[in-house]
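Excluded from the calculations below are hydrogen atoms, water molecules and symmetry mates; all remaining heavy atoms, backbone and side chain alike, are included. As the structure lists them, so they are numbered: ligands from 1, and atoms in each ligand from 1.
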Amino acid sequence: MSDRVKIRIENATKVFNVYKRDAGTESTRPLKASKMERMHLFAVKNVNLTVKRGEVVLVIGPSGSGKSTLLRCINRLERLTSGRICIDDLCVTDPKADIRKVREEVGMVFQSFNLFPHLTALRNIALAPIVVKGMVKEMAYEKARGLLKRVDLEDKENSHPAQLSGGQQQRVAIARALAMDPHIMLFDEPTSALDPEMIKEVLDVMLALAKEGMTMMVVSHEMGFAKAAAHRIIFMDEGEIIEEGPPDTIFNNAQQERTRRFLKHIL
Ligand code: ADP
Ligand code: MG
């Protein structure tokens with residue numbers, strides 16, 4: 001891991017406006033706007049974090065603690081309400097930031113694979129290089145074949161997503177993200193939708209990426225992966241980073257009561 005900062009997150013805050021019923025209105029009939037109360041929900045609250053080049057940061061925390069929102073703000077699927085996120089010199093929160101450049105820089109893998117159902121594995125992977133980068137088709141397919149090999153699916157290039165297992169689909173999704181040659185990979189609970197016997201094959205691909213020096217932010221509660229690959233664990237609760245440190249320290253010697261309480265559920 002180099003000392004160079006790759007991702008710099010400064011005072012990041014993301015507020016959603018949510019509408020809640022006034023207390024005391026128990027009607028199940030459609031509510032008038034006047035009966036709805038607008039609330040500011042701080043999904044991410046004043047987060048400061050730097051990630052070094054080649055670092056693997058694991059983000060843990062209860063459901064609703066802002067993990068996905070934080071990742072989504074890094075690749076600009078969401079816009080921060082205030083604060084700043086920069087990748088090298090590219091500040092993704094700058095209103096003038098080139099979103100295409102951001103998406104080239106940052107690959108993302110979701111819990112629910114999100115492959116295009118009507119395209120083969122090969123075409124799923126080759127699509128973005130062709131459409132976004134203007135790569136010549138045959139070159140994009142060659143590259144996609146190389147990526148399929150890397151995720152151990154070289155015999156599946158003509159399979160459609162429905163013909164693949166969950167673990168295979170997720171590996172195609174990883175290959176698809178890698179097709180843009182990103183410098184950063186974000187993983188949002190990549191194994192949560194998988195049957196237990198398929199989790200390892202996906203984690204193995206992620207572990208190999210980590211070993212190759214990819215800068216990664218991973219939301220996951222897979223402790224085996226945490227111990228094998230993570231340089232740092234971030235614990236989030238209610239939109240805030242409560243505690244961070246090396247895996248060994250966080251798992252065995254967490255300083256905050258909230259962290260310890262959460263870890264009891266997952267360890
Ligand atoms: P996590 O990934 O840790 O489970 P999320 O980042 O998905 O948490 O959500 C953080 C909070 O923001 C939750 O309270 C969630 O309901 C809320 N939230 C997330 N996305 C939206 C949205 N698009 N609109 C309104 N509220 C949202
Ligand atoms: Mg989430």
Does ligand 1 come near enough to Glu78 that some N or O of the ligand is less than 3.5 Å from an N or O of the residue? no
Do Glu157 and Arg145 have side chains that approach each other closer than 4.5 Å (heavy atoms only, starting at C-beta)? yes
Ranked by distance from atom 3 (O) of ligand 1, the top protein heavy atom is Lys67 NZ, 2.7 Å
Cationic tip of Lys227 above Phe225 ring, under 6.0 Å, 45° of axis: no
Do Glu10 and Asn46 have side chains that get closer than 4.5 Å, going by heavy atoms? no
Assess the pair His221 and Phe262: is the distance between their ring centroids shorter than 6.0 Å? yes
Based purely on interatomic distance, does Gly64 place a nitrogen or oxygen under 3.5 Å from a nitrogen or oxygen of ligand 1? yes
Protein contact of atom 14 (O) of ligand 1 - nearest heavy atom, named by residue and atom, plus distance: Leu41 CD2, 3.7 Å
Say you draw a straight line from CG of Leu148 to OG1 of Thr120; how long is it, rounded to the nearest 0.5 Å? 9.0 Å
Got the closest protein heavy atom to atom 23 (N) of ligand 1, with its distance? Phe16 CE2, 3.5 Å
Would a 4.0 Å cut-off, counted as strictly less than, catch a protein heavy atom around atom 16 (O) of ligand 1? no
Report yes if the side chains of Tyr19 and Glu37 come closer than 4.5 Å at any heavy-atom pair, otherwise no. no
Do any heavy atoms of Pro62 fall under 4.0 Å from ligand 1? yes
Work out which heavy atom in Ala97 is nearest to a heavy atom in Val92; give both atom names and the distance. CB-O, 3.9 Å
Starting from atom 2 (O) of ligand 1, find the nearest protein heavy-atom neighbour and note its residue, name and distance. Ser68 OG, 2.8 Å
Where is the nearest protein heavy atom to atom 12 (O) of ligand 1: which residue, which atom, and how far? Ala43 CB, 3.3 Å
Which protein heavy atom lies closest to atom 8 (O) of ligand 1, and at what distance to 0.1 Å? Gly66 N, 3.2 Å
Is there at least one protein heavy-atom neighbour under 4.0 Å from atom 27 (C) of ligand 1? yes
Heavy atom of the protein closest to atom 6 (O) of ligand 1 (residue, atom name, distance): Thr69 OG1, 2.5 Å
Ignoring hydrogens and angles, state whether a donor on the side chain of Ser192 or Glu189 is under 3.5 Å from an acceptor on the partner side chain. yes
With a 4.5 Å limit on heavy-atom distance, are the side chains of Pro190 and Gln170 in contact? yes
Crowding at NZ, Lys133 (>12 non-hydrogen neighbours, <6.0 Å): yes
Which segment of Asp188 sits under 4.0 Å of ligand 1 when only heavy atoms are counted: neither
With only distance considered, is Val18 within less than 3.5 Å of ligand 1 through an N or O on each side? no
Ligand 1 to Ser65, heavy atom cutoff 4.0 Å, flagged ligand atoms 1 (P), 3 (O), 8 (O)
Would one find an N, O or S atom of Ser68, in either backbone or side chain, under 2.8 Å from the Mg ion (ligand 2)? yes
Could you establish whether Gly61 and ligand 1 come within less than 4.0 Å of each other, counting only heavy atoms on the residue side? no
Between Glu238 and Arg258, is any pair of side-chain heavy atoms under 4.5 Å apart? yes
